[in-house]
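For reference, the structure discussed in these notes is given below.
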2 protein chains.
Amino acid sequence: MKQAASADVAGARGGNGRNGRAAYDLSAVLDIAVGAFNDYGYDATSMGLLAERLGTSKSAVYYHVSGKEDLLRLALERALGGLEGILTLPGAIEGAAEDRLRFVLRGAVAVLVDDLPYVTLLLRLRGNTEIERSALARRRAFDHEVSQLVDRARADGSLRTDVDSGTITRLLFGMINSIVEWYKPGGTLTPAQLADHVISVAFDGLHRPTA
Amino acid sequence: MKQAASADVAGARGGNGRNGRAAYDLSAVLDIAVGAFNDYGYDATSMGLLAERLGTSKSAVYYHVSGKEDLLRLALERALGGLEGILTLPGAIEGAAEDRLRFVLRGAVAVLVDDLPYVTLLLRLRGNTEIERSALARRRAFDHEVSQLVDRARADGSLRTDVDSGTITRLLFGMINSIVEWYKPGGTLTPAQLADHVISVAFDGLHRPTA
DNA sequence: ATAGTTTTACTGAACGATCGGTAAGTAGCG
DNA sequence: CGCTACTTACCGATCGTTCAGTAAAACTAT
């Protein structure tokens, strides 16, 4: 009874249409790994615990991934891919700087909500290994592109100039990134409302509208 | 040569005025421990690494503290004590709700900058152990008191009512707490300026002042 | 002044537990 | 049979922690 039955574990398994036994697919393993990493922290999550959550053995996990760091790498790739994808969309490239900034911020909230556990993992990195440092570098590159949008919006006269654009960008992302620490999908606050509130508070502040 | 000389380690030592040898004082050990916890994460920081940073042996650390968790407990106590102290000051108790809110937010920035590594550690907790869960509960209690101030300011008509106060409080703290991830004391941005910018952006938003 | 005692503050070696990862064998399917 | 998807058993390394012994300073008695 110390081990769950080897089949029928919460839909994590799916046939692969090929020879051999029914298998976990990689994305199911990844989902559970990312969940555990966020619950306990990457370092504090053992491969044994992952196996337990999957209802299988430790070494079975190694059949699907080459190791613990591989799980981290795959998860971070998904989060970074989502964020970087925003910057390639037309709304991020065309139009006035403030509109492009609003589009990117709204997109960041959307990716964050859509891939919540994956982005959460990304935002908690410390940079201990090469994989983590590489992910942090890509994240900084994304932040830098947004910072340039803030600069352009300021040059257009859209934004206040009494606070430097680096501070503005950091406070903006501080606000947006904090969403991973408290937003629960499926609650009364829909992702679209959340994005509206964030953009509105960011641009207009806490005071009641003067209009 | 594998071990540093037993004295003169970077001013971490100080006499204690009592019998026996010159010792590290607890606060020096704690400072180095908190720095390492923030660099690598609590779980990824080994007692061996702490000893190395202190220029002493692993077991020497156990003379000063009862264990790794004890270091965490002492560090979190300092961070939480600072934050909770704000709420006991006159500026947080007397006056209009919005002024009290501004005072508390400004105080939170001040504590955060003053005890930067300690608050950083607090903000990165995952709640794996009883000590961490207890610290998280105290942090939530602090947040809750600020949330009540937001409620009162809204009731006074000072703040916008199209976003609920829970979301406002979370976005506020998201912005403020992010400071630990990028603010470097001793730079061109002084703590007082930082607090001004944070309060100003939070209440008035990113747009240029209409006045 | 100095020898002896006490207390403090360590050192170095080792402990059991747990870590990430591997080797070898096998059950279930086409 | 051939291939997939595991299983059990185990490895060396590292983890937090403990323990017996000791060097160095302060205190005390002479």
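A note on names: the letters A, B, ... follow the listed sequences, proteins ahead of strands, and every chain is numbered from 1. Small disclaimer: the values here were computed from a predicted structure and weren't measured.
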In whole Å, I'd like the distance from the CE atom of B/Met47 to the P atom of C/dA14. 21 Å
Gap between atoms OH and P, on A/Tyr62 and C/dG25 respectively (whole Å): 22 Å
So does B/Glu132 pair up with B/Arg139, basic N to acidic O under 4.0 Å? no
Output yes when A/Arg73 and A/Glu77 qualify as a salt bridge under the 4.0 Å nitrogen-oxygen rule, no when they do not. no
A/Ser59 side chain, from C-beta outward: closest of C/dG12, D/dA9, D/dC6: D/dA9
Rounding to an integer number of Å, can you tell me how far B/Leu54 CG sits from C/dT11 C1'? 15 Å
Report the distance from atom CG of A/Leu71 to atom P of C/dG21, rounded to the nearest whole Å. 9 Å
Any base atoms under 4.0 Å from A/Ser66, or only sugar-phosphate, or nothing? Heavy atoms, all strands. nothing
Interatomic distance, A/Leu72 CG vs C/dG20 C1' [rounded to whole Å]: 14 Å
Of the options C/dT11, D/dG16, D/dT7, whose atoms approach the side-chain atoms of B/Thr56 most closely? C/dT11
Under 3.5 Å, side chain of B/Tyr183 to main-chain N/O of B/Leu116, donor-acceptor pair present? no
As a test of reading the structure: which of D/dT7, C/dT11, C/dC19 is closest to the side chain of B/Ala60, going by heavy atoms? C/dT11
The side chain of A/Tyr63 lies closest to which of these nucleotides: D/dT4, C/dT11, D/dG16? D/dT4
In whole angstrom, give the distance that lies between atom NE2 of A/His64 and atom P of D/dA5. 7 Å
Decide whether B/Asn38 and B/Tyr118 meet the rule of one side-chain donor and one side-chain acceptor closer than 3.5 Å. no
Using atom types as modelled and distance alone, determine if a side-chain donor or acceptor of A/Thr169 lies under 3.5 Å from a backbone N or O of A/Ser165. yes
Grab the CD-P distance between B/Glu69 and D/dC15 for me, whole Å please. 17 Å
Round to a whole Å and report the spacing from NZ of A/Lys58 to P of C/dG20. 7 Å
Measuring from the side chain of A/Lys68 (C-beta onward, heavy atoms only), which nucleotide among C/dA23, C/dG20, D/dG16 has the closest atom? C/dG20
Tell me whether the OP1 or OP2 atom of D/dT14 has a side-chain N or O from B/Ser46 closer than 4.0 Å. no
